[in-house]
Amino acid sequence: MTTQTAKLGIPSRSPAALLRKYNPLHKPRTAIVLTLVILALWPGAVGQVTRGLMHDAYVGVSVFVAANLMLVYGSERFFNVNLGDFLRRQTFLQIPIAALLGMSPGCAGAIIVTSAYSSGNVTLGALVAALTGTMGDAAFLLIATKPLTAAVILPLSLVAGIVTGLIVDRFHKKHIPGRANASCELGVRIGKIRRRDKLFAAIAVPGLGLGLLDAFQVVPSPLMVTVGMAIALAGMALILLIWLISPMQAISHPDDPALTRATEETAFITIWVLVAYLGYGYIEAFSGLDIGAMFSTVAIAMPLIGVLIGFIPGCGPQILVATLYINGVVPFSALIANAISNDGDALFPAIALNPKAALLATIYTSFPALVLGYAFYFFAPGFLN
């Protein structure tokens, strides 16, 4: 057992300790993974649709998310970026820098600002700017699949964060004290590149090639279809395993290697994307319902619904909204409203460190979200839909 766990990148411990810590039957994720495996292996139309959607999610989303994560985290490591320390030394530029940190894909930038506010190093306006600007892990999904939309929504979030932060600081100058002795942990540190990370990269590279061929609408040969399905299902199976035994709960540790962080976060994002794909695909394939038509009956409420979903902590619900937008189910107005109102995983440490400030900042972010959401709904209803 020691040899096998070392190969997987798991620290050597006693068999009993390993069983307690890594036994997947002790994790609620087991039911999800087993359900997905059973659906993929189910005979007939259910299994065929499931495998097709797994292929689409892996080739169309996962490999591009992994490439984006490697680019972002690799750049951070190469340039030794530490914007948190720079932020603490600023006064006049605090709000623009906080909004820029929030706008950066993922949740790490917003978490840095959250921790800085708890320490009394930035203003409430800077905290609101970061939470308004962040789209969380859904930004990676959007960049990978709809880069034009990302090129519009991220700068809009940045501007909305700066403006909202300046307004908040104009009227709210008093610092809200947080919980005593509270600390902000960015994530469990793994500390090295594991065998699973290398295997993930080995499958993702040809998967990215398949994704690029699909993006450029190259018609594959029958052999390529078979090979592509095998690569996609192998990649998805590995992602399910990685997510099942992952120590990561919300965000990877910034000191981990770029490949390790990309592996863990791609697995996390893929699970939510796959759930959205399957939910939409099953309804479309087996129910005969037109989801787009159903949502269109409550079209005027869609920006408000996007804002309300944004109140939910974590990146999962926001990834679902982005996935529905990618599939043409929800309009851009709902997406922009959700992108600005959601705080991603940064809301978890914000609640832990300073629940009163977290609640107030979340309420403040809803105002620009509603304004922009309904502005696009009324004045540009077909924009990027």
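Predicted, not measured: the structure shown is a model, and the values here were computed from it.
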Are any non-hydrogen side-chain atoms of [X] and [Y] less than 4.5 angstrom apart?
X	Y	answer
F200	R196	no
I190	H253	no
L233	M229	yes
L36	M236	no
L240	I271	yes
W272	Q318	no
Y325	L384	yes
W243	R29	yes

Do any N or O atoms from the side chain of [X] and from the backbone of [Y] form a donor-acceptor pair under 3.5 angstrom?
X	Y	result
T263	L259	yes
T134	A130	no
S333	Y377	no

Next on the checklist: Which residues pass the ring pair (Phe, Tyr, Trp, His ring centres under 6.0 Å) test with F376, not counting sequence neighbours?
Outcome noted: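 Listed in chain order: F332, F383.
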If I compare all heavy atoms of [X] with all of [Y], which pair ends up nearest, and what's the gap?
X	Y	value
A299	P303	O-CD, 3.8 Å
L210	I231	CD1-CD1, 3.9 Å
L154	A139	CD2-CB, 4.3 Å

Determine which pairs satisfy ring pair (Phe, Tyr, Trp, His ring centres under 6.0 Å) with at least one residue from [range], sequence neighbours left out, and list them in order.
range	answer
residues 137-165	none
residues 95-125	Y117-H175
residues 145-173	none

Checklist entry - Would F64 and L212 count as a side chain to side chain contact (heavy atoms under 4.5 Å, CB included) if you check the C-alpha gap in whole Å, the side-chain angles of each, and the deciding distance to 0.1 Å? => result CA-CA 9 Å; F64 291 103; L212 290 172; 3.8 Å; yes
Considering residues at least two apart in sequence or located in another chain, which fulfil the side chain to side chain contact (heavy atoms under 4.5 Å, CB included) criterion with [X]?
X	value
K356	I176, N354
I363	L359, F367
L158	A99, L100, M103, I162

Item to check | Contacts of D343 that satisfy side chain to side chain donor-acceptor pair (under 3.5 Å) - sequence neighbours left out | outcome: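 Side chain to side chain donor-acceptor pair (under 3.5 Å) check on D343 returns T362.
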Next on the checklist: Could you work out, with side chain to side chain donor-acceptor pair (under 3.5 Å) as the rule, every residue matching T132, not counting sequence neighbours?
Outcome noted: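 Here no residue qualifies.
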Checklist entry - What pairs of residues pass the side chain to side chain donor-acceptor pair (under 3.5 Å) test when at least one of them lies in residues 151-166, not counting sequence neighbours? => result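 For residues 151-166: none.
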Next on the checklist: By the side chain to side chain donor-acceptor pair (under 3.5 Å) test, which pairs, at least two apart or in different chains, include something from residues 46-66?
Outcome noted: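 Qualifying pairs: T50-Y282, S62-T270.
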Item to check | S366/F311 under side chain to side chain contact (heavy atoms under 4.5 Å, CB included): CA gap, chis, key distance, verdict | outcome: CA-CA 9 Å; S366 67; F311 288 162; 3.7 Å; yes
Item to check | Listed partners of D197 passing salt bridge (Lys or Arg N to Asp or Glu O under 4.0 Å), at least two apart | outcome: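 Only R194 meet the salt bridge (Lys or Arg N to Asp or Glu O under 4.0 Å) criterion with D197.
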